[in-house]
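This report refers to the structure that appears directly beneath it.
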Amino acid sequence: MVWFFPKKPTPSEYAVLVWSACAVFIVLGIVALVVGFRAPADKHDLAIALESHGAWSLGIGIVVGAGYWLYRRLVDH
């Protein structure tokens, strides 16, 4: 793993990774929900699947962000 991480990542670098992942999940979830809500009636099944995946993505982003925030509140020194 030395070739990938020349030094041990700092807590700030981990925070950037986690918050970036949360932002990606939340943005993709919102986009999927908007596209699913605006889908035409003849693509109802696809819209339902897209809305479901968007809600899951949004929920995952929020839960990971809240969990990491709580972890930093309780454990960070």
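Numbers for residues simply follow the sequence, beginning at 1.
What you find for Gly61 and Cys22 is that their closest heavy atoms are O-SG, 3.6 Å. Nearest heavy-atom pair, Gly54 versus Ala32, reported as atom, atom and distance to 0.1 Å: CA-CB, 3.6 Å. Nearest heavy atom pair, residue Arg72 against residue Ala15, reads NH1-CB, 3.7 Å. Residues Gly36 and Ala47 share a closest heavy-atom pair of O-CB, 3.5 Å. Nearest heavy-atom pair, Ile30 versus Leu58, reported as atom, atom and distance to 0.1 Å: CG1-CD1, 3.9 Å.
Among residues two or more places apart in sequence or in another chain, the ring-ring contact (aromatic ring centres under 6.0 Å, His included) test is passed with Tyr68 by Trp19.
Note that the CZ atom of Arg38 and the CG atom of Leu33 stand 13.5 Å from one another [nearest 0.5 Å]. With rounding to the nearest 0.5 angstrom, the NZ atom of Lys8 is 5.0 Å from the OH atom of Tyr14.
Using a 4.5 Å cut-off between side-chain heavy atoms of Ile, Leu, Val, Met, Phe, Trp and Tyr, with links allowed through other members, Tyr71 and Ile60 fall into the same hydrophobic cluster. In terms of hydrophobic clustering, with Ile, Leu, Val, Met, Phe, Trp and Tyr side chains grouped at heavy-atom distances under 4.5 Å, Leu46 and Val31 are assigned to different clusters. Transitive grouping of hydrophobic side chains (ILVMFWY, heavy atoms separated by less than 4.5 Å) brings Ile26 and Phe37 into a common cluster. Hydrophobic clustering keeps Leu70 apart from Ile62 (ILVMFWY residues linked when any side-chain heavy atoms are closer than 4.5 Å, directly or through intermediates).
Residue pairs meeting the salt bridge (charged side-chain N to carboxylate O under 4.0 Å, His left out) criterion with at least one partner in residues 13-35, sequence neighbours excluded, are Lys7-Glu13.
Between the Ser52 side chain and the Ile48 main chain, no donor and acceptor come within less than 3.5 Å of each other. Although no hydrogens or angles enter the test, the distance criterion places a donor-acceptor pair under 3.5 Å between the side chain of Ser57 and the main chain of Phe25.
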